[in-house]
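Below is one structure, written out as structure tokens; the observations come after it.
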There are 2 protein chains.
Amino acid sequence: MADEPIGPAPVGSAPVGSAPLGQPTVRPTMKDVAAAAGVGLKTVSRVVNGESGVREATAQRVRAAVAQLGFRRNDSARLLRQGRHTSSVGLVLDDVSDPFSSLLHRAVEEVARAHGSLLFTGSSAADPARERELTLAFCARRVDGLIVVPTSAEHSYLAQEMAAGTAVVAVDRPLPGLAADAVLSDNRGGSRSGADHLLRQGHRRIGYLGDLPGIFTAAERLHGYRQAMADAGCAVQSHWVSMGGPDPVGVRLALDRMLAGRHPVTAVLCGNNRTSVAVLREWGTRAQRPALVGFDDFELADLLATPVTVVAQDPIRLGRTAAQLLFRRLAGERGRPQLIELPTRLIPRGSGESAPAPEPAR
Amino acid sequence: MADEPIGPAPVGSAPVGSAPLGQPTVRPTMKDVAAAAGVGLKTVSRVVNGESGVREATAQRVRAAVAQLGFRRNDSARLLRQGRHTSSVGLVLDDVSDPFSSLLHRAVEEVARAHGSLLFTGSSAADPARERELTLAFCARRVDGLIVVPTSAEHSYLAQEMAAGTAVVAVDRPLPGLAADAVLSDNRGGSRSGADHLLRQGHRRIGYLGDLPGIFTAAERLHGYRQAMADAGCAVQSHWVSMGGPDPVGVRLALDRMLAGRHPVTAVLCGNNRTSVAVLREWGTRAQRPALVGFDDFELADLLATPVTVVAQDPIRLGRTAAQLLFRRLAGERGRPQLIELPTRLIPRGSGESAPAPEPAR
DNA sequence: CGCCTCTCTGACAACGTTGCCAGGAGTTTA
DNA sequence: TAAACTCCTGGCAACGTTGTCAGAGAGGCG
């Protein structure tokens, strides 16, 4: 009782200079500001929030104290007190560093900003557990709404959040079984238009290199390819289709299979841009270079040795549309869940415009 | 009261049917859970937080009520109550959709995740006002720390936040005048090595296309270029240097100037990858194609018609290092602010390995 | 001078959670 | 049998803010 305690001085009434570097002094609260300005707590609140009904002289004193103490309103406390609205939304992406995701991210950010909302973003890394963890962390912070690029798993846990009043919009992939809005690309139609483009150049043996079939977009795009081939009367041989994702080794082996034998494919359609790039790298090592159309545009596709023909999605528009939809819901718009499908666009650049080589003489 | 409700059972005690879609029923609180489980509020808290000292049978009842009501702990309230630690950090980038930024973002995200922290991210769009707004929004949410890619403006407002205990780490650019850690690339050295590379190929008239000189990295890289040229005894003519940023029109005009006259440049060094790309696009429209070395790597640089030689930074490592530094500070590490400079790496790919064309006969 | 209105201000409760403490039931020890 | 101890449980205050309400003056009006 008589001895002075050893160790850091107590926070709060700490003697001056006790702030070594990093986490010293405690943040001043409105109470501190009130004391410094010689006014009541509520008056500080009023000034800080720009409410009317405070005499200018008083307000000045408060503002001076705010500036002097470096006061910043604690939004957690504010939001807790106010209840409902937290002016924040969450965004769950596959991977924030993926170009598709990051463009979508930026678009959502702009819309959120325009609505005065803070945006929380995270990467699920295509891992359902991680997606869930992120989503629930956002919900624990009481975001007003969520925009999710769903992984391939169950999403029943989202139902509870939705029931609790969190608006949810799915983007790029739907949330089957949940009454959530969804904004998707026209994956089937886009894939189909890519295949049609190759068919129009005279190709008949067209391979398809897609992503893992559990992924919604991969399945849809495969479907579009098959439809186009069927409508053109081209039977698809089983080794023409590979759904192994963009792994370079897998792509190499798949190309080996497609290009072997007496009826090698003369063109390939790629289900996503990473696969397109993997095929391009293979081009560098092979004599046989099938024509190529890729799904999903990518930067510099036009500056490559052979510029790449793509079926372009519009990630910015996807993100913007999803965010606008979310904010309309948050503004109170009721009604059945919407499904919005955005068009794709074929951009011919060269890699898909070559005719098939003539049949080799037997 | 007489009619049976249609649809899902009510959450909380809200009247059935008051939930059209979106923001209906209130979230249940621990109080609701306690009532449902027939226990005290504090017992719910204990169970939810996995504290010991609750009989298993009681805990089960609580867990059942939690599941049935869809309770999620309100982290805002929790953090408010607990004071200090919010287990969250903020990241302010130029633009989340920029490849450099988004890779850095992902790296920071991984470190934050490993430390159990939530990450808030936003784009300043290189606008000081917007950076400030974002930063203060993060501080209002009481992030434990901030990682900032600073814009070119004053940052005195950060001093107050730092004094209040928010740890700050600058990345990519320093925060002059603030006692904050910083993680930078070796911009001068990298730029210098790029220029040296061109000098070794025999180039003597080397142009420099940089970013706006107000940007720290742009100034540093220009300095590296000038040093290399000076050390090689090459006087830099004023029209060889253009600090207009990556705007395509500006790049075209700058190239016009550099390539005109009797002593056109035979090579250019680009201060960032967007400028490199702009130069590449110019290549497509010109007969004169100076050799090119770009600062900052970019995807597919190796697959272009002429693969591009670059001085590569490592955005992932920048982000990871900055985040690790931040979390060390949050863990209590004291000591003077550190300045960490990460090396760059020259990657020769072709565009910078051609010798200058012989002097044209007069 | 009394009454009313108007302006400005502050006290108080509450948001949902957790830390501290106390109390009751059951068991062991003196 | 009382005391001491353990185990489990709940009450209460407090985090920092805002909404509600009431009170203190000042000024106007009959």
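Bear in mind that the values here come from a model prediction, so they are computed numbers and not experimental data. Naming: A, B, ... by sequence-line order, numbering from 1 per chain.
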For A/Phe120 and A/Phe138, take the angle between the two ring planes, folded into 0 to 90°, and tell me which bin it lands in: parallel under 30, tilted 30 to 60, perpendicular over 60. tilted
Rounded to whole Å, please give me the gap between CZ in A/Arg141 and C1' in C/dT17. 14 Å
Could you tell me how the ring of A/His105 sits relative to the ring of B/His105: parallel (under 30°), tilted (30 to 60°) or perpendicular (over 60°)? tilted
Against the side chain of A/Glu51, the closest entry in C/dT17, D/dG19, D/dT17 is D/dG19
Considering non-hydrogen atoms only, spot the tightest contact between A/Thr135 and A/Tyr157 and give its length. OG1-OH, 3.4 Å
With a cut-off of less than 4.0 Å, is there a side-chain N or O of A/Gln82 near OP1 or OP2 of D/dG19? yes
When the distance from CG of A/Asn74 to P of D/dA14 is rounded to whole Å, what number comes out? 18 Å
Can you give one letter per nucleotide of nucleotides 6-11 of chain D, 5' to 3': B if a protein heavy atom sits under 4.0 Å from the base, S if only from the sugar-phosphate, - if neither? --SBBB
Between B/Glu109 and B/Arg106 (salt bridge meaning N to carboxylate O under 4.0 Å), is one present in this structure? yes
Once you round it to whole Å, what is the distance between P of C/dA13 and NZ of A/Lys31? 15 Å
N/O donor-acceptor pair under 3.5 Å between B/Thr151 side chain and B/Ala126 backbone: no
Scan A/Asn49 against the nucleic acid and name what it touches under 4.0 Å (heavy atoms): base, sugar-phosphate only, or nothing. sugar-phosphate
Think A/Arg73 has a side-chain N or O under 4.0 angstrom from the OP1 or OP2 of D/dT18? yes
Over how many whole Å does the gap from B/Arg78 atom CZ to C/dG19 atom C1' extend? 12 Å
In whole Å, what is the span from the CG atom of A/Asp32 to the C1' atom of D/dT17? 13 Å
Go through A/Gln338 and A/Arg329 one step at a time and tell me if the side chain to side chain contact (heavy atoms under 4.5 Å, CB included) criterion holds. CA-CA 11 Å; A/Gln338 291 189 37; A/Arg329 291 294 185 193; 4.3 Å; yes
Take the protein atom CG of B/Leu79 and the nucleotide atom C1' of D/dT17, then report the distance between them rounded to whole Å. 15 Å
Rounded interatomic separation in angstrom, taking CZ from B/Arg81 and P from D/dA13: 12 Å
Which atom names give the shortest non-hydrogen contact between A/Pro150 and A/Ala170, and what distance separates them? CG-CB, 4.1 Å
Using a 4.0 Å heavy-atom cut-off, does A/Thr29 contact any base of the nucleic acid, only the sugar-phosphate backbone, or nothing at all? sugar-phosphate
For B/Phe71 and C/dG16, what is the distance between atoms CZ and C1' respectively, to the nearest whole Å? 8 Å
